[in-house]
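Presented below is the structure to which this report refers.
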Amino acid sequence: MGLSVAFASRVPREKRHALEQLLFFNGCQERFARDIEDVIDRFGSPEIYDDGEGLRVRVAALPDVQSLFAIDPVTGRPLGLAVYMRADLEHVTVLHLGLVEDYCSGGPQEGLKLLLQLMREVRRTSRRIKGVRRLEVLYRTQRLRASAC
């Protein structure tokens with residue numbers, strides 16, 4: 001049985017600590033440290049902000065960055081996130097990915113394939129954008145290219 005998650009563009013304000021843990025203090029980050037640093041050097045640091053309706057993630061140097069969260073539907077806790085942008089007319093680029101450590105490769109919940117679910121939802125969302133044909137993840141060690149059509 002797969003993991004039941006909700007997908008949302010915001011996280012409830014009361015889940016700020018959980019979002020900070022996921023984005024900035026994630027134990028799985030070490031696996032991708034060089035790639036994360038490269039993306040930050042190229043595009044800027046991700047930051048959490050309150051848009052008036054909840055918490056989102058943005059990259060200050062980029063005007064049109066989207067965030068998508070995998071959320072536990074019972075607790076509202078963010079379990080995963082993807083920060084992405086439309087790089088050009090045909091490409092959506094995922095700048096940052098994060099999963100709660102239990103759901104990472106080697107974690108006790110890895111079999112639930114939360115990363116795959118999250119990427120499928122990013123892909124599904126990207127399909128709604130006219131002209132987008134490709135989805136790219138910038139982390140080299142797990143580069144993923146998928147047709148968004």
Side-chain angles (χ1 to χ4, degrees), residues 1-33 35-36 39-40 43-60 62-87 90-139 141-149:
M1 177 188 272
L3 172 68
S4 174
V5 296
F7 292 101
S9 60
R10 292 173 186 82
V11 171
R13 289 180 187 93
E14 62 272 12
K15 300 300 180 184
R16 177 178 280 278
H17 179 72
L19 181 55
E20 289 171 348
Q21 285 295 124
L22 177 61
L23 186 59
F24 301 120
F25 305 106
N26 189 315
C28 299
Q29 287 177 339
E30 185 60 36
R31 300 174 196 181
F32 302 97
D35 298 320
I36 293 168
V39 172
I40 289 172
F43 297 101
S45 297
E47 56 187 44
I48 298 169
Y49 75 103
D50 189 328
D51 73 353
E53 296 180 42
L55 303 176
R56 300 184 76 173
V57 176
R58 66 181 171 200
V59 177
L62 300 172
D64 192 27
V65 171
Q66 303 294 316
S67 38
L68 181 67
F69 303 96
I71 297 181
D72 181 312
V74 175
T75 66
R77 175 182 175 218
L79 302 174
L81 79 107
V83 179
Y84 60 98
M85 67 176 193
R86 186 169 185 177
E90 293 187 346
H91 297 88
V92 167
T93 300
V94 178
L95 302 170
H96 296 285
L97 287 167
L99 297 177
V100 169
E101 294 172 34
D102 286 352
Y103 297 92
C104 291
S105 178
Q109 302 297 328
E110 77 174 314
L112 297 174
K113 300 180 181 178
L114 182 58
L115 179 60
L116 181 60
Q117 290 184 57
L118 183 60
M119 290 307 300
R120 282 182 177 156
E121 187 64 17
V122 170
R123 181 179 175 195
R124 188 184 72 75
T125 301
S126 297
R127 283 182 177 163
R128 290 187 257 164
I129 304 171
K130 184 176 180 173
V132 172
R133 297 181 56 185
R134 295 209 183 271
L135 177 65
E136 178 181 25
V137 177
L138 291 182
Y139 297 169
T141 49
Q142 291 204 341
R143 186 167 304 254
L144 170 69
R145 291 185 187 267
S147 171
C149 296

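Predicted, not measured: the structure shown is a model, and the values here were computed from it.
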*Just by distance, do the side chain of Glu20 and the backbone of Ile48 share a donor-acceptor pair under 3.5 Å?*
no
*Check whether any side-chain heavy atom of Met119 lies under 4.5 Å from a side-chain heavy atom of Val94, and answer yes or no.*
yes
*Within the distance-only criterion (no hydrogens, no angle test), does the side chain of Arg13 pair as donor or acceptor with the backbone N or O of Gly52 below 3.5 angstrom?*
yes
*Once you round to the nearest 0.5 Å, how far does CG of Leu55 lie from CG of Leu23?*
11.5 Å
*Could you check if a side-chain atom of Val65 sits within less than 4.5 angstrom of a side-chain atom of Phe43, using non-hydrogen atoms only?*
no
_Other residues, nucleotides, ligands: >12 heavy atoms within 6.0 Å of Arg10 CZ_ = yes
_Lys15 side-chain N/O to Thr75 backbone N/O, donor-acceptor pair under 3.5 Å_ = yes
*Identify the two heavy atoms, one from Val100 and one from Pro78, that lie closest to each other, and give their separation to 0.1 Å.*
CG2-O, 3.4 Å
_For the student: nearest non-hydrogen atoms of Ala82 and Val122, plus distance_ = CB-CG2, 3.7 Å
*Grab the two heavy atoms, one from Val83 and one from Leu81, that are nearest each other, plus how far apart they are.*
CG2-CD1, 3.3 Å
*If every non-hydrogen atom of Gln117 is compared with every non-hydrogen atom of Leu112, which pair is closest and at what distance?*
NE2-O, 3.0 Å
*asked:* With rounding to the nearest 0.5 angstrom, report the CD to CG distance, Glu121 to Leu116.
replied: 12.0 Å
*Is any side-chain heavy atom of Phe7 less than 4.5 Å from a side-chain heavy atom of Thr125?*
no
*asked:* Quick check: closest heavy atoms across Leu118 and Gly80, and the distance to 0.1 Å?
replied: CD2-C, 4.2 Å
_Using only atom types and a distance under 3.5 Å, with no angle test, would you say the side chain of Arg56 pairs donor to acceptor with the backbone of Ser9?_
yes
*List the atom of Gly98, the atom of Leu22, and the distance in Å for their closest heavy-atom pair.*
C-CD1, 3.7 Å
*About how many Å separate CD of Glu47 and CZ of Phe24, when rounded to the nearest 0.5 Å?*
8.0 Å
*Pairwise distance CG(Leu114) to CG(Leu99) - rounded to 0.5 angstrom*: 5.0 Å
*At what distance, to the nearest 0.5 angstrom, does CG of Leu115 lie from CG of Leu79?*
13.0 Å
